[in-house]
Amino acid sequence: MARSLSLLLLLVACFLVAGATAARPAPSTSGAAAISSFVRSWCAGTEYPALCDATLAPYSAAVGASPAKLAWAALTVTLSAARNATSAVRSIAARSSSSHLPPVAAEAAGDCASELGDGVDALRRCVDAMARVAVGEESSSTAAAARRKVRFEVDNVRTWASAALTDDNMCMEGFKGEAAGGGGAREAVRGHIMGLLHLTANALGILNAMAKQI
């Protein structure tokens, strides 16, 4: 009896893991992917539609016509960019002594790396929450309770994504007082941050549009 119960619990656990994994769309690996009309129509409402098209086209097939999976894909792309930017800015801060950065620039780079780290944490929560929404989208009915749960998750994700956008902007604010020639730290950081800002704004735009449909 105990053995049968253990096998049953193992099967249930495997089913739940498989369901969560299936809800996470994977980008196409077959070269240039054609963007679907669904993705293009949602990207058209974002702040940077061309960037949205380019970054989400590889997810077109996996996303299908699911707003939750599209939002998950947009947040996943943004999280990857945030991790890369955080790593790059940390490297700039770590090299402050050898690259002869002025103290104000070195301090700004360190603060920026910390703020970006906070943004990464917020985006990670966003990705996990949207994965749950996508699972619910596939399995739940249109009952009022299910819709309230989705609304709660989406509102949380919008809050976290907005916080990540604020962290990204605060990163650049720290360099406003730096002299233009201060080791080029501001421009180096800007090169990593601007794309991230645009991706975050696009993901938030998709989330806001999704919230209006719930």
Side-chain angles (χ1 to χ4, degrees), residues 15-85 119-120 122-144 146-165 168 192-214:
F15 174 78
L16 290 174
V17 170
T21 301
R24 298 180 178 235
S28 170
T29 56
S30 58
I35 187 170
S36 68
S37 58
F38 174 80
V39 172
R40 190 182 297 278
S41 67
W42 279 71
C43 282
T46 63
E47 195 168 348
Y48 306 97
L51 177 66
C52 183
D53 287 349
T55 53
L56 297 185
Y59 291 88
S60 289
V63 162
S66 165
K69 288 182 179 179
L70 180 64
W72 181 90
L75 289 164
T76 297
V77 169
T78 305
L79 175 58
S80 178
R83 284 171 170 158
N84 291 339
V120 166
L123 288 168
R124 188 185 298 113
R125 292 196 297 272
C126 290
V127 169
D128 290 343
M130 286 312 303
R132 292 193 296 270
V133 172
V135 170
E137 186 180 65
E138 292 179 345
S139 60
S140 69
S141 66
T142 56
R147 292 178 69 86
R148 284 196 298 271
K149 183 176 180 181
V150 170
R151 163 67 76 172
F152 176 76
E153 291 277 24
V154 171
D155 283 347
N156 281 340
V157 172
R158 292 167 69 197
T159 298
W160 296 329
S162 295
L165 188 62
D168 298 344
H192 293 290
I193 300 304
M194 294 311 297
L196 175 58
L197 284 169
H198 295 173
L199 288 170
T200 308
N202 280 352
L204 192 55
I206 291 172
L207 287 166
N208 289 339
M210 181 182 175
K212 293 176 181 178
Q213 296 189 0
I214 301 172

- [ ] Heavy atoms only: give me the nearest Ala85-Leu196 pair and the separation to one decimal.
- [x] CB-CD2, 4.1 Å
Task: Gap between atom CZ of Arg125 and atom CG of Leu79 - 0.5 Å precision - done: 11.5 Å
TODO: Work out which heavy atom in Met130 is nearest to a heavy atom in Ala71; give both atom names and the distance.
DONE: CE-CB, 3.7 Å
Task: Basic-acidic side-chain contact under 4.0 Å: Arg132, Asp128 - done: no
Task: Where Glu153 and Val133 come nearest, the two heavy atoms and their spacing - done: CB-CG2, 3.5 Å
TODO: Output all residues satisfying side-chain contact (heavy atoms from CB on, under 4.5 Å) with Phe38, sequence neighbours left out; order by chain, then residue number.
DONE: Ser36, Trp42, Val63, Ala65, Pro67, Leu70
Open item on the list: To the closest 0.5 Å, what do you measure between OG1 (Thr46) and NE2 (His198)?
Closed with: 11.5 Å
Task: Side-chain (Ser80) to main-chain (Thr76) donor-acceptor, under 3.5 angstrom - done: no
Open item on the list: Under a 3.5 Å distance rule, please check whether Arg151 uses its side chain to pair with a backbone N or O of Ala211 as donor and acceptor.
Closed with: yes
Task: Minimum-distance pair of heavy atoms, taken over all atoms of Ser60 and Val39 - done: OG-CG2, 3.7 Å
Task: Intermediate values then yes/no, side-chain contact (heavy atoms from CB on, under 4.5 Å), Cys126 and Thr78 - done: CA-CA 10 Å; Cys126 290; Thr78 305; over 6 Å; no
Task: 4.5 Å side-chain heavy-atom contact, His192 and Asn84 - done: no
- [ ] Could you tell me which non-hydrogen atom of Ala62 sits nearest to which non-hydrogen atom of Lys69, and how far apart they are?
- [x] O-CD, 3.8 Å
Task: Spacing of CG belonging to Leu204 relative to CH2 belonging to Trp160, to within rounding of 0.5 Å - done: 14.0 Å
TODO: If the plane angle is over 60° it's perpendicular, under 30° parallel, otherwise tilted; pick one for Trp72 and Tyr59.
DONE: perpendicular
Task: side-chain contact (heavy atoms from CB on, under 4.5 Å) assessment of Arg40 paired with Asp53 - done: CA-CA 6 Å; Arg40 190 182 297 278; Asp53 287 349; 3.4 Å; yes
Open item on the list: Give me the atom names and distance for the closest heavy-atom approach of Cys43 to Leu56.
Closed with: SG-CD1, 4.2 Å
Open item on the list: Nearest 0.5 angstrom please: Leu165 CG to Thr200 OG1, how far?
Closed with: 6.0 Å
TODO: Indicate yes or no: at least one non-hydrogen side-chain atom of Leu51 is less than 4.5 angstrom from one of Leu199.
DONE: yes
Open item on the list: Using 0.5 Å steps for rounding, measure from the CG atom of Asn202 to the CG atom of Leu207.
Closed with: 11.0 Å
- [ ] Look up atom OH in Tyr48 and atom CG in Leu197, then write down how far apart they are to the nearest 0.5 Å.
- [x] 7.5 Å
